[in-house]
Amino acid sequence: MQTIMNRPIVFSGAQPTGHLTLGNYLGALRQWTAMQADHDCIFCVVDLHALTVRQDPVQFRERILDLAALFLASGIDPEQSVIFVQSHVPAHAELAWLLSTFTMMGELDRMTQFKDKSRSHAHNVNAGLFTYPVLMAADILLYGTHKVPVGEDQKQHLELTRDVAVRFNGLHGTVFVVPEPLVTGGGAARIKDLQEPTKKMSKTAESDLAKVMILDEPDAIMKKFKKAVTDSLGVIRDDEEQQPGVVNLLNIWRAARGATMEEALAHFSHHQYGRLKVETGEAVVALLDPVRRRFQELRSDPKELEGILARGADQAMERAERMMQKVLTALGVPLQGSRFPIREQGRP
Ligand code: TYM
């Protein structure tokens, strides 16, 4: 067994914008929980990122706690991993500013998520939406992160994070670890919308039938799968171009069951779409039902939850401050005494 100090550092986060979907669960959360045993994991509710879209303050506060509870309900163990809220550690915003001076406008302009979001929020294309990936780079680089488990939609942001780290290190010496993205395998990296299966399943999709939420009741899950859009070809094959809806269902079934595409095809290829829809729904209910029950328990005790987040913030803050000390020193900014008391030098 490796000691904590030798384990690779893992950082990942999710935005508290509405409840999470099956895509978030299969593409991220389930992978996070599996990494805890042999990695030094830090998981973050990225509330500052979510503020790039207008939020209702009362609802936002609840959503932050909901997401933290969902992390725990999915199996993140606060005794093993650090779990905290981004805004509780001011160094995230501070490092984002510093890194924005190492990020080029052209790089940010190429981000497909920015392009998508400026279309879907055309009335509020704020500067935060544009610099969003810089804050994400700060989240990751602040902790000396080695691996970042994400769904496929975040890969481009990860590449930018690596470029910024390399640029900074090239100018100021090796301060940052250059992180590796870890995109989930087994068909879970890009779970698609059930109504428009060429798009990713997104928690902000307008139609309820398009997305399965982690907290949906079993009846609702079954209804959504039964109404999932397929095609009129009437055969079950792995042909993403011609049959994106069918391939999405196969991917969800095999991600939920831990099966390969070959196994999924062997299981379904002689059946009709109805069977594929029902069995996929059932596999998802079996996966999510325990998570929903545990979530309800955790949410009924806000004090306990807030205590876990306060401890997580202290742990994250201590590590973040060590990195800030290195970054500010590398940039030539004098360190201020009360913020950086002399302490043992360790890894960030
Ligand atoms: P967010 O909140 O949109 O999603 C959280 C995680 O879920 C993954 N994901 C999916 N995976 C498979 N299929 C889908 N349909 C699907 N939809 C979402 C995302 O890839 C992500 O891993 N910018 C990030 C949050 C963030 C972050 C970070 C992540 C902020 N700082 C630092 C990693 C490291 C985001 O908006 O994720």
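Note that ligands are numbered from 1 as they come in the structure, with each ligand's atoms numbered from 1 the same way.
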Looking at [Y] and [X], is any side-chain nitrogen of the basic one under 4.0 Å from a carboxylate oxygen of the acidic one?
X: Arg167; Y: Asp163; answer: no
X: Arg162; Y: Glu180; answer: yes
X: Arg119; Y: Asp116; answer: yes
X: Glu152; Y: Lys200; answer: no
X: Lys211; Y: Glu206; answer: no
X: Asp38; Y: Arg7; answer: no
X: Arg292; Y: Glu297; answer: no
X: Lys199; Y: Glu196; answer: yes
X: Glu279; Y: Arg275; answer: yes

Numbering the atoms of ligand 1 from 1, which are under 4.0 Å from a heavy atom of [X]?
X: Tyr132; answer: 23 (N), 24 (C), 35 (C), 36 (O)
X: Val148; answer: 33 (C), 34 (C)
X: Ile140; answer: 32 (C), 34 (C)
X: Arg190; answer: 12 (C), 13 (N)
X: Ala188; answer: 12 (C), 13 (N)
X: Gln15; answer: 2 (O), 35 (C), 36 (O)
X: Ser12; answer: 33 (C), 34 (C)
X: Gly27; answer: 11 (N), 12 (C)

For ligand 1, is any non-hydrogen atom under 4.0 Å from [X]'s backbone (N, CA, C, O), its side chain (CB onward), both, or neither?
X: Ala189; answer: backbone
X: Thr184; answer: neither
X: Ala14; answer: both

With a 3.5 Å distance limit and no angle check, can you tell me whether Thr260 reaches the backbone of Glu263 through a side-chain donor-acceptor pair?
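Such a contact is found between Thr260 side chain and Glu263 backbone.
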Closest to [atom] among [options] (heavy-atom distance):
atom: atom 10 (C) of ligand 1; options: Gly23, Ala255, Gly13; result: Gly23
atom: atom 6 (C) of ligand 1; options: Ala28, Gly151, Cys44, Pro149; result: Ala28
atom: atom 19 (C) of ligand 1; options: Asp153, Leu182, Val150; result: Asp153

For atom 4 (O) of ligand 1, closest protein heavy-atom neighbour:
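Checking every protein heavy atom, the shortest distance to atom 4 (O) of ligand 1 gives Asn24 ND2, 3.1 Å.
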Please report which non-hydrogen protein atom sits nearest to atom 28 (C) of ligand 1, along with the residue it belongs to and the distance in Å to one decimal place.
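Residue, atom and distance for the closest contact: Met136 CG, 3.4 Å.
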May I ask whether Lys192 has any heavy atom positioned less than 4.0 angstrom from an atom of ligand 1?
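No, Lys192 has no heavy atoms under 4.0 Å from ligand 1.
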His146/Val177 under side-chain contact (heavy atoms from CB on, under 4.5 Å): CA gap, chis, key distance, verdict
CA-CA 7 Å; His146 300 106; Val177 173; 3.6 Å; yes
Going by distance only, is there an N or O of Ile191 that falls short of 3.5 Å from an N or O of ligand 1?
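There is such a contact, yes.
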